[in-house]
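Heads up: the structure comes next, in structure tokens.
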Number of protein chains: 2
Amino acid sequence: MEEALGVPARLIRPVRHGNAFEETIERLLQHIKLGLFGVGEKLPAERELSELLGVSRATLRDALAELQKAGYVEVRRGRSGGTYVSEGRLGGLAGSADLDPAEVNDVLTFRAVLEPAASSLAAKAALSPRQRRHLLDALADVAAAPVELYRPKDARFHVAIAEVSGSPSLVAAVADTRARVSDLLDRIPFLEPNLEHSNRQHQEIIDAILRGDADGAYRATQDHLQGTASLLHGFLVSPENSSAAASDVP
Amino acid sequence: MEEALGVPARLIRPVRHGNAFEETIERLLQHIKLGLFGVGEKLPAERELSELLGVSRATLRDALAELQKAGYVEVRRGRSGGTYVSEGRLGGLAGSADLDPAEVNDVLTFRAVLEPAASSLAAKAALSPRQRRHLLDALADVAAAPVELYRPKDARFHVAIAEVSGSPSLVAAVADTRARVSDLLDRIPFLEPNLEHSNRQHQEIIDAILRGDADGAYRATQDHLQGTASLLHGFLVSPENSSAAASDVP
DNA sequence: TCTTAATGGTCTGTAATTAGTCCAAAAGTC
DNA sequence: GACTTTTGGACTAATTACAGACCATTAAGA
């Protein structure tokens, strides 16, 4: 695992991860899967969305056409038409497929760094009434979600916490990492999650944040992540792979 | 600051930040400024580098030509020729220029999340002799650096800590954030940094990591970041901008 | 010394991407 | 019902980016 420490090649990452078309599809899919655009809701208009994504309308349209063909969205034209997120079609096909241990460790470690910190920052921030409302809305939303919509609502909830932490970079990192975890979860057989337990933990996190208890929020979030971490680690056979990933960070 | 909470538009980021040419220049510059390629050292060969950066050789060459024109690198042809990092020309022109308070807060907050966590993870990991050596080398390197080379060596040191933390994503995030801080520092008048104090803190961090003291490493890193944070905050006039940024995360 | 290998330098054809314009449908507004 | 606005749909020309082949230069190695 540890070849070439310090050799620049190890630290040089690709500037681009595929062409604009592919990256746009991936980004849109990420937003849909993370519940950023709820089922049945409308995406921004093409002209606006292409602007937001920093991509030409032509490229965006190619990507949207692909998503439409795959059944993720429906497109209607005319005034108050637009691109609408389809029902169903969430959470991929629970095919097995091999988890890359390095990817699992990386994403779980990184997430264990980001999310508890986000909760802690949220607790320390002087939250406006709007922000409190936002958190409570997200909490209620995930608590009310049926099992098949749980994952996106859950993701949306955790991103909401990052949103009130005051750092856009942190929000982006949390969203990216959630998407990566989601992709990993799509690759393992579906296990009925313990929604009640999860919701209780969500409540704890929010309670701690709203009463300004940074340490409590940090620890509650840490505990909450543990479940997914163990689940994913359980699907890595080799006992060598466990390492310190997803363990706590003070 | 808090308009449109939860509205998707806020969470949609550009897929690309400019064209491939610009992104490549920026990335190379980042690597040079962060001391990834030391002064006088040779960058990987064009064919290899273009592969690593995921960009065509033509585009990479355009970018290198630009860097050459700006005096950052020198190019020699023939066998064992290549692209060499020039002396001098580091650390931009200490022009004043306006700091964007949002950017300052974002980057300092994010960094305060990432770096202490990286140190803590490094302390918890079972470090191989090579990894310990890598850390000690980086430490010695920064301690021996003359003032004009301090910034890149310092950055390299902190990236080295992230490298042994076991999460490539964390390494990338730390490197990116360091680069952003560096850009901000370039925009304020040069203040002679207290190198001795900084080096003592580096030593403390490494000591804690090597003896496996995660909490100690976390706190030492937190303290170390405080200096830069105060410095940058000092250049933001409005008292409203301080917020919780760069404060500690449990 | 001669050969070879590693490197940057140059060119060409193709594909992806963009910006811009105009068209067509649907729904609101008067 | 006629007009206007908002939306997706379709085309074009220009630019950017790419892959690949080939040339030129230099130093290492036989």
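Below, chain A is the first sequence line, B the second, and so on; all start at residue 1. Model, not experiment: these values are computed from the prediction.
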Using a 4.5 Å cut-off on heavy atoms from C-beta on, say whether the side chain of B:D186 contacts that of B:R151.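 Of all side-chain heavy-atom pairs linking B:D186 with B:R151, at least one is under 4.5 Å.
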
Would you mind reading off the distance between [X] atom [atom1] and [N] atom [atom2], rounded to a whole angstrom?
| X | N | atom1 | atom2 | result |
| --- | --- | --- | --- | --- |
| A:E51 | C:dT17 | CD | C1' | 16 Å |
| A:L64 | D:dA10 | CG | P | 13 Å |
| B:E46 | D:dA19 | CD | P | 15 Å |
| B:Y84 | C:dA6 | OH | C1' | 11 Å |
| B:L49 | C:dG9 | CG | P | 14 Å |
| B:E66 | D:dT16 | CD | C1' | 16 Å |
| A:L67 | D:dG8 | CG | C1' | 16 Å |
| A:D62 | C:dA15 | CG | P | 16 Å |

Do the side-chain N or O atoms of A:R79 get closer than 4.0 angstrom to the phosphate oxygens (OP1, OP2) of D:dT4?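 Answer is no, no contact under 4.0 Å.
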
Phosphate contact (D:dC18 OP1 or OP2) by B:T59 side-chain N/O below 4.0 Å: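 Yes, within the criterion.
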
Which is true for A:R76 with a 4.0 Å heavy-atom rule: it touches a base, it touches only sugar-phosphate, or it touches nothing?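 Counting heavy atoms under 4.0 Å across all strands, the contact made by A:R76 is with sugar-phosphate only.
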
With a 3.5 Å distance limit and no angle check, can you tell me whether B:R178 reaches the backbone of B:Q30 through a side-chain donor-acceptor pair?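 Flag not set: sc B:R178 to bb B:Q30 has no pair under 3.5 Å.
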
For DNA chain D, which residues in residues 13-26 of chain A have a heavy atom at a distance below 4.0 Å?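 Of all residues in residues 13-26 of chain A, none places a heavy atom under 4.0 Å from DNA chain D.
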
What I want to check is whether the side chains of A:E23 and A:H17 have a donor and an acceptor closer together than 3.5 Å.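 No, A:H17 and A:E23 have no side-chain donor paired with an acceptor closer than 3.5 Å.
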
Do A:S128 and A:R133 meet the criterion of a side-chain donor-acceptor pair at a distance under 3.5 Å?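 No, no side-chain donor-acceptor contact under 3.5 Å.
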
Can you check side-chain hydrogen bond (donor to acceptor under 3.5 Å, both in side chains) on B:T83 and B:R76, steps first, answer last? CA-CA 6 Å; B:T83 310; B:R76 294 204 286 277; over 6 Å; no

Which heavy atom in A:A162 sits nearest to a heavy atom in A:A118, and how many Å separate them?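 So the two residues come closest at CA-CB, 4.1 Å.
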
Per B:R77 side chain, nearest of listed nucleotides D:dT25, D:dG8, D:dC22: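 Between D:dT25, D:dG8, D:dC22, the one nearest the side chain of B:R77 would be D:dT25.
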
If you go through the side-chain atoms of A:R57, does one of them form a donor-acceptor pair with the base of D:dG9 closer than 3.5 Å?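 Under the 3.5 Å cut-off, the side chain and the base do form a donor-acceptor pair.
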
Is there a donor and acceptor pair closer than 3.5 Å between the side chain of B:R47 and the base of C:dG8?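 A donor-acceptor contact between them is present.
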
To the nearest 0.5 Å, tell me how far B:E103 CD sits from B:L108 CG.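 Interatomic distance, B:E103 CD to B:L108 CG, rounded to 0.5 Å: 9.0 Å.
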
Hey, which sits more toward the 5' end of DNA chain C by its nearest nucleotide, A:S80 or A:V55?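 That would be A:V55.
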
